[in-house]
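Below is one structure, written out as structure tokens; the observations come after it.
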Amino acid sequence: MKYRALTIQKRTLMSNVVLGCGLLWLLSGCFVDSQCQSSADCASGEVCINGDCRFECNDNADCAIDYECVNHYCLFSEGCIGCPYPDAPQATSRCEHGVCEILSCDENWVDANDDPRDGCECTPTNNGEEILDTLDNDCDGLTDEGFNCEETNDGVEICDGKDNDCNGKIDDGLVCCPDDMLVVGDLFCMDIYEASRPDAEENNIGQDESQATSRPGVLPWTYVTVEEARQACQNAGKRLCHPGEWLTACEGDTGLTYTYGNEYDNHICNGIDAYCEDPEPNCDYSTTETRYRLMPTASFPQCLSPDGAYDVNGNVWEWDATTNNSGELVGRARGGAFNCINSRKQHTCTYENYRFYGEAQPNVGFRCCK
């Protein structure tokens, strides 16, 4: 069933009748059937692709350019996290099987710090002559060299747009994020909350689709295609999270099964059995009254990633920026949803839902990275 044809009025209506629509939600790709659902269903060394167990790859050439072949899995390369970096459009960069490099800079732009994360970040000012203005006027990677510098913040570098330790570099070695985002593993920024429409409220998903917001206490943005999610993040000055970024945020440094630990707890995140005393999978379906439901962001205060992102597991599936071998955005849904049979399995960090094919669904949302 495709939901993209729904009008905005129907979207709003659906957000208000989310309770009791069990059959509709069951048609949203949450069945567990005889086909493999994830690689955990397959024999050792095989992976689950389109419901079948087989080898995904034999070498790097079998994988997309920003993936690596590891034990027959095409795994997103850590070195490719965020690459190419849309935050720096003045650079043309590419990641080839784990190595991100800047191929070229736009006219009048220079890669002064040899860091692909911010691309070609410098353009000469003051005719390339260094003056005392906290800018790298000559684009040599240093700021205000040749001038006296007074340390601030006791010489400890923080995200404040200043050269606190007087080494000639501003915010040196730091990942600095907007207030509605958090730093994940000193690598990138991720939205604290699942994306919502700017006019979303506690009981209404909203109608304004101008850009994604990251706010607590509002219904997340659903009925969104993966391309619409990408555009909404871009309009907010961010981007859709890469697969490796999403997985890194979910697992943390220790490779957790769920954001909160390795043992499933039906009460921590919003799943099909979140409102059941009985922790058995799918217990909500055995009742005469449907209790499972979409909830406003951060309604489950313990459902936190290791770095502090809410609802990475449960509530709504989240699109990632998965691409095919041709580089086309296809997206996979991650983290499970509030209405999926077997939350114990589908809420795991490694579970990927490939059955939505980038199309809008009532239980699929997204969050942005930077």
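One-based numbering along the sequence shown. The structure displayed is predicted, hence computed values, not measured ones.
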Seminar exercise, completed: All heavy atoms of Ala212 vs all of Cys233, minimum pair found to be CB-N, 4.4 Å

For this session: Please collect all side chain to side chain donor-acceptor pair (under 3.5 Å) contacts where either partner lies in residues 150-160, sequence neighbours excluded, each pair once.
Result: Thr152-Asn164, Asp160-Asn164

Problem set entry | Atom pair OG1 (Thr92) and CG (Leu103), whose distance is rounded to the nearest 0.5 Å | 6.5 Å

Problem set entry | Residue list, side-chain hydrogen bond (donor to acceptor under 3.5 Å, both in side chains) with Glu96, at least two apart or on another chain | Arg94

Exercise. Is atom CG of Asp179 surrounded by more than 12 heavy atoms (other residues, nucleotides or ligands) closer than 6.0 Å?
Worked result: no

Exercise. Could you walk me through whether Thr143 and Asp163 pass the side-chain hydrogen bond (donor to acceptor under 3.5 Å, both in side chains) check?
Worked result: CA-CA 8 Å; Thr143 301; Asp163 181 12; over 6 Å; no

Seminar exercise, completed: Residues pairing under ring-ring contact (aromatic ring centres under 6.0 Å, His included) where one sits in residues 160-183, two or more places apart or in two chains, turn out to be none

Exercise. Would you say Cys159 and Cys177 have SG atoms less than 2.5 angstrom apart?
Worked result: no

For this session: Would you check if the side chain of Thr297 reaches a backbone N or O of Gly217 as a donor-acceptor pair within less than 3.5 Å?
Result: yes

Problem set entry | Euclidean distance, Arg334 CZ relative to Trp319 CH2, rounded to 0.5 Å | 12.0 Å

Exercise. Hey, does Ser305 have a side-chain heavy atom less than 4.5 Å from the side chain of Cys250?
Worked result: no

Exercise. Who passes side-chain hydrogen bond (donor to acceptor under 3.5 Å, both in side chains) against Asp140, sequence neighbours left out?
Worked result: none

Problem set entry | Which residues share a salt bridge (charged side-chain N to carboxylate O under 4.0 Å, His left out) with Asp180, sequence neighbours left out | Lys238

Problem set entry | Test: Cys369-Cys241 SG spacing under 2.5 Å | yes

Exercise. For the side chain of Asp320 and the backbone of Arg332, is there at least one donor-acceptor N/O pair under 3.5 Å apart?
Worked result: yes

Exercise. Out of curiosity, Thr123 OG1 to Gln90 CD, how far, rounded to the nearest 0.5 Å?
Worked result: 9.0 Å

Exercise. Does the separation of the ring centres of Tyr292 and Tyr275 fall below 6.0 angstrom?
Worked result: no

Seminar exercise, completed: In this structure, CG of Asn137 is separated from CD of Glu129 (nearest 0.5 Å) by 8.5 Å

Exercise. With sequence neighbours excluded, what pairs up with Arg367 under the salt bridge (charged side-chain N to carboxylate O under 4.0 Å, His left out) test?
Worked result: Glu318

Problem set entry | Side-chain (Thr248) to main-chain (Gly244) donor-acceptor, under 3.5 angstrom | yes

Problem set entry | Close side-chain approach of Gln207 and Asp199, heavy atoms under 4.5 Å | yes

Problem set entry | Heavy-atom side-chain proximity of Val226 to Leu240 below 4.5 angstrom | yes

Problem set entry | Qualifying residue, where the test is side-chain contact (heavy atoms from CB on, under 4.5 Å) with Phe356 and the options are Thr225, Val330, Asn363 | Asn363

Exercise. Within the distance-only criterion (no hydrogens, no angle test), does the side chain of Tyr258 pair as donor or acceptor with the backbone N or O of Arg344 below 3.5 angstrom?
Worked result: yes

Exercise. Side chains of Tyr351 and Trp317: does their closest heavy-atom pair fall under 4.5 Å?
Worked result: yes

For this session: Kindly give the heavy-atom pair with the smallest separation between Val364 and Val224, and that separation in Å.
Result: O-CG1, 3.8 Å

For this session: Give a yes or no on whether a salt bridge exists between Glu245 and Arg239, defined as a side-chain N under 4.0 angstrom from a carboxylate O.
Result: yes

Exercise. Residues in salt bridge (charged side-chain N to carboxylate O under 4.0 Å, His left out) with Arg230, at least two apart?
Worked result: Glu227

Exercise. Would you say Asn262 has more than 12 foreign heavy atoms packed within less than 6.0 Å of its CG?
Worked result: yes

Problem set entry | From Met295 atom CE to Phe338 atom CZ, the distance as rounded to the nearest 0.5 Å | 11.0 Å

Seminar exercise, completed: For Cys349 and Trp246 the tightest heavy-atom approach is O-CZ3, 3.4 Å

For this session: Give the intermediate values and the outcome of side-chain contact (heavy atoms from CB on, under 4.5 Å) for residues Asp111 and Glu121.
Result: CA-CA 6 Å; Asp111 176 22; Glu121 80 291 347; 3.5 Å; yes

Exercise. Is there a side-chain hydrogen bond (donor to acceptor under 3.5 Å, both in side chains) between Ser196 and Thr213 once you walk through the steps?
Worked result: CA-CA 5 Å; Ser196 57; Thr213 66; 2.7 Å; yes

Seminar exercise, completed: When every non-hydrogen atom of Leu142 is compared with those of Asn167, the smallest separation belongs to CD2-O, 3.9 Å

Seminar exercise, completed: The complete set of salt bridge (charged side-chain N to carboxylate O under 4.0 Å, His left out) pairs with one or both residues in residues 98-108, sequence neighbours excluded, reads none

Problem set entry | Cys57/Cys63 under disulfide bond (SG atoms under 2.5 Å apart): CA gap, chis, key distance, verdict | CA-CA 7 Å; Cys57 63; Cys63 303; 3.7 Å; no

Exercise. Looking only at heavy atoms, what is the nearest atom pair of Leu135 and Glu130, with distance?
Worked result: O-OE2, 2.8 Å

Exercise. Between Val110 and Cys105, is any pair of side-chain heavy atoms under 4.5 Å apart?
Worked result: no

For this session: For residues Ile341 and Ile272, determine if any side-chain heavy atom of one lies less than 4.5 Å from a side-chain heavy atom of the other.
Result: no

Exercise. Between the side chain of His347 and the main-chain N/O of Gly271, is any donor-acceptor distance below 3.5 Å?
Worked result: no

Exercise. Which value, rounded to the nearest 0.5 Å, describes the distance between Thr259 atom OG1 and Asp307 atom CG?
Worked result: 11.0 Å

Exercise. Is it true that a side-chain atom of Asp165 and a backbone atom of Gly155 form a donor plus acceptor pair closer than 3.5 Å?
Worked result: no

Seminar exercise, completed: The side-chain contact (heavy atoms from CB on, under 4.5 Å) partners of Asn60 (sequence neighbours excluded) come to Glu68, Cys69, His97

Problem set entry | Within residues 157-207 or reaching into it, pairs that qualify as ring-ring contact (aromatic ring centres under 6.0 Å, His included) - sequence neighbours excluded | Tyr193-Tyr310

For this session: Evaluate the criterion side-chain hydrogen bond (donor to acceptor under 3.5 Å, both in side chains) for residue pair Glu328 and Asn324; output intermediate values, then yes/no.
Result: CA-CA 5 Å; Glu328 299 169 319; Asn324 60 22; 2.8 Å; yes

For this session: Under 4.5 Å between side-chain heavy atoms, chaining through other members, with only Ile, Leu, Val, Met, Phe, Trp and Tyr counted: pull out the rest of the cluster around Val183, sorted by chain and number.
Result: Val175

Problem set entry | Shortest non-hydrogen separation from Pro306 to Ala249 and the atoms involved | CD-O, 3.5 Å

Exercise. Under 2.5 Å between the SG atoms of Cys269 and Cys303: is that the case?
Worked result: yes

Exercise. Are any of the side-chain heavy atoms of Pro362 and Tyr223 separated by less than 4.5 Å?
Worked result: yes

Exercise. So do the side chains of Asn313 and Tyr264 get within less than 4.5 Å of each other, counting heavy atoms only?
Worked result: no

Seminar exercise, completed: Residues passing the side-chain hydrogen bond (donor to acceptor under 3.5 Å, both in side chains) test with Asn270, sequence neighbours excluded, are Asn315

Exercise. So, Glu194 side chain and Gly365 main chain: donor-acceptor pair closer than 3.5 Å or not?
Worked result: no

